[in-house]
Amino acid sequence: MRRVWSGQAVFMGWASLVALGVAAPFVVYPVFAMNVLVMALFASALNLLLGYAGLLSFGHAAFLGSAAYVTGLAAKTWGFGVLLSMATGVAVAAALGLVFGLLALRRSGIYFAMITLGLAQVVYFLVVQMPWTGGEDGLQGIPRGKLLGFLDLGDSFAMYFFTYAVFLAAFWLIQRTIDSPFGQVLRAIRENEPRAISLGYDVQRYKLLAFVLSAALAGLAGSLKAIAMQFATLGDVAWQRSGEVVLMTLLGGMGTVLGPSVGVLLVVTMENYLASLGSWVTVITGAVFVVMVMAFRRGVVGEIQALLSRRS
Amino acid sequence: MPDDLILETREVTKEFRGFVAVAGVSLKVKRGSIHGLIGPNGAGKTTMFNLLTRFLPVTRGTILHRGEDVTRMPPAQVARRGVVRSFQISAVFGSLTALENVRIALQRPLGTSFRFWAPSRSLSVLDDRARALLADVDLQDLADVPAGELPYGRKRALELATTLALEPEVLLLDEPTAGMGHEDVGRVAELIKRVARGRTVLMVEHNLSVVADLCDTITVLARGSVLAEGSYAQVSADPSVREAYIGSAA
Ligand SMILES: Nc1ncnc2c1ncn2[C@@H]1O[C@H](COP(=O)(O)OP(=O)(O)O)[C@@H](O)[C@H]1O
Ligand SMILES: [Mg+2]
């Protein structure tokens with residue numbers, strides 16, 4: 001990643017991102033837009049781990065899903081406010097991330113990925129077994145409530161803009177993490193782990209922090225989802241969700257800032273417009289993915305960036 | 001007596017699935033010396049480095065640093081004690097600029113390396129020192145070039161600058177001049193001589209004129225065992241050393 005982006009370009013990038021997000025609910029259904037944002041945040045969280053720490057997790061749905069359920073429980077049963085419910089969900093996801101990280105980081109490569117998948121299956125099993133999750137039906141009727149006691153999120157525009165504000169804040173935090181002293185060490189570890197060790201870095205502790213941050217942010221996406229969509233289902237903790245987010249991140253371009261969001265937008269849009277084709281959607285999505293990955297290894301955004309830097 | 005030994009191994013053995021790569025080597029590195037480790041390919045020199053820096057666990061034997069047992073210490077901790085290694089293949093962080101590479105070494109003592117909320121700009125307080133270190137190896141003009149794009153000789157120079165940023169007490173250099181052109185070899189040899197002042201250097205080197213020029217003590221390894229030890233004149237006169245070198249491509 002070369003610093004070809006000037007301050008102006010970064011400002012323009014953020015400005016267009018904000019403009020796009022503000023215009024979105026007037027162009028498409030707010031629920032559709034919220035779904036995209038939630039998934040984009042989820043994929044960006046995964047990308048922090050995959051693209052910048054070089055760790056492939058196949059269990060990220062566990063963080064998304066557990067946070068969604070816990071947020072739902074807090075809002076519906078315990079009567080917590082929106083923010084506190086979400087914070088509780090995020091805290092649970094972060095704690096879960098710590099456990100996953102401590103266990104999975106003992107191994108690397110494909111074994112690391114398999115351990116995350118295995119642990120996520122344990123979480124899935126627990127969610128199915130626990131009575132308060134509603135089993136096959138999921139947790140329904142999660143109240144949106146009032147933000148800070150006065151802003152009624154029952155209104156779908158208000159809910160959309162709240163979702164968008166959280167997305168932007170989280171997106172900013174991910175950018176900051178990548179471009180921080182910690183991010184520098186993370187990049188060094190990804191590029192040459194033995195060298196980082198020889199410079200005195202306890203690389204496992206850095207990877208663990210990256211894992212917990214990624215889990216917490218995936219949890220934030222789940223919490224947001226629970227409030228915005230007002231339900232949490234088994235689909236949120238299922239392994240398919242973990243696989244799908246890896247796919248979308250690769251499609252958009254891992255290790256790029258906008259890649260995961262672009263990947264999500266592509267897949268969700270495609271699924272939306274092809275919905276009438278029924279189960280063929282999965283086949284078409286799969287085929288598109290295979291073709292894209294074979295032709296454009298770096299993903300959509302990665303390829304565009306490579307093209308631009310070759311020109312300059 | 002042992003206090004002037006900065007690094008010592010006692011009967012260190014390393015087996016890889018039954019294959020003995022290092023067989024009962026006892027090495028004594030004196031504080032302030034430049035100690036050469038030479039021997040034919042496959043003699044176990046890199047493995048010795050891996051054992052000394054704890055990148056590989058020993059099968060048997062003891063490793064002492066300043067007289068303290070470090071045989072079971074994690075590798076990053078050994079590095080923080082001041083025993084820092086370079087790698088046989090050049091080890092740089094390819095997508096980071098030369099300046100950022102050196103800064104990675106400088107930033108750990110700053111204590112902000114876990115701060116994911118701080119801007120990387122906060123590291124710019126280290127830039128002056130990083131540039132000075134780059135200038136030491138003639139890289140000042142390439143500070144903003146990604147390390148991956150540097151030519152091989154320059155990468156090795158950058159690796160050295162990064163290592164020196166830690167101000168190591170003991171420097172372990174694995175073939176610092178390997179793959180370099182004649183000019184670069186001379187430059188790196190001069191640099192090693194310069195940085196060796198006030199430090200201890202243990203180096204693996206195939207270029208015997210560099211070894212003759214720099215090293216106070218030389219240990220010759222062959223098939224995992226010490227074949228000879230002494231000054232360059234002593235070991236080069238040793239018939240078994242000559243035989244080992246003629247017997248295989250040095
Ligand atoms: N990780 C390893 N696994 C198995 N064998 C190894 C490993 N590392 C080194 N060896 C073997 O140990 C011997 C010594 O290797 P090395 O220390 O790299 O030699 P040198 O650096 O002296 O050329 C070689 O025969 C090599 O194949
Ligand atoms: Mg070697």
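We name chains A, B, ... by the order of the sequence lines, and we start the count at 1 in each one. Since we're looking at a predicted model, the values are computed, not measured.
More than 12 heavy-atom neighbours from other residues, nucleotides or ligands sit within 6.0 angstrom of CG on A:L102. No more than 12 heavy atoms of other residues, nucleotides or ligands lie within 6.0 Å of CZ in A:F296, so this atom counts as exposed by the packing criterion. More than 12 non-hydrogen atoms from other residues, nucleotides or ligands lie less than 6.0 angstrom from CD of B:E15.
Interface residue B:P75: backbone and side-chain heavy atoms are both found under 4.5 Å from chain A. With a 4.5 angstrom heavy-atom cutoff, B:S122 touches chain A only via side-chain atoms. Neither the backbone nor the side chain of B:V78 comes within less than 4.5 Å of any heavy atom in chain A. With a 4.5 angstrom heavy-atom cutoff, B:L123 touches chain A only via side-chain atoms. B:R121 touches chain A through its side chain: at least one heavy atom from C-beta onward sits under 4.5 Å away, while N, CA, C and O do not. For chain A, the nearby parts of B:T162 are the backbone and the side chain; heavy atoms of each come within less than 4.5 Å.
To the nearest 0.5 angstrom, B:F114 atom CZ is 4.5 Å from A:R205 atom CZ. Note that CD of A:Q184 and OG of B:S113 are 9.5 Å apart. Values are rounded to the nearest 0.5 Å. To the nearest 0.5 Å, atoms CG (B:L166) and OG (A:S198) are separated by 7.5 Å. Taken from CZ in A:R187 to CD in B:E100, the straight-line distance is 5.5 Å, to the nearest 0.5 Å. Atom CZ of B:R85 sits about 10.0 Å away from atom CD1 of A:I197, to the nearest 0.5 Å. Annotation: the span from B:R115 atom CZ to A:T177 atom OG1 amounts to 14.0 Å, rounded to 0.5 Å.
Interface summary for chain B: among A:I189, A:L213, A:L186, A:L173, the most heavy-atom pairs under 4.5 angstrom belong to A:L213. Put simply, of B:A91, B:P168, B:P74, B:A118, the one with the most heavy-atom pairs under 4.5 Å next to chain A is B:A118. Of all the listed residues (B:F93, B:F87, B:F55), the one sharing the greatest number of non-hydrogen pairs under 4.5 Å with chain A is B:F93.
A distance-only check finds a donor-acceptor pair linking the side chain of A:Y201 to the backbone of B:I104 [under 3.5 Å].
Ring planes of A:F182 and B:F116: perpendicular class, angle over 60° (limits at 30 and 60°).
B:T163 and A:R195 are linked by a side-chain donor-acceptor pair at a separation below 3.5 angstrom, with hydrogens and angles left out of the test.
Across all non-hydrogen atoms, the minimal contact from A:V185 to B:Q107 is CG2-NE2, 3.4 Å. Between B:P119 and A:P181, the closest heavy-atom pair is O-CD, 3.7 Å. When every heavy atom of A:D179 is checked against every heavy atom of B:S120, the shortest pair comes out as OD1-OG, 2.6 Å.
For A:D202 and B:R108, the salt-bridge test fails: no basic side-chain N is under 4.0 Å from an acidic carboxylate O.
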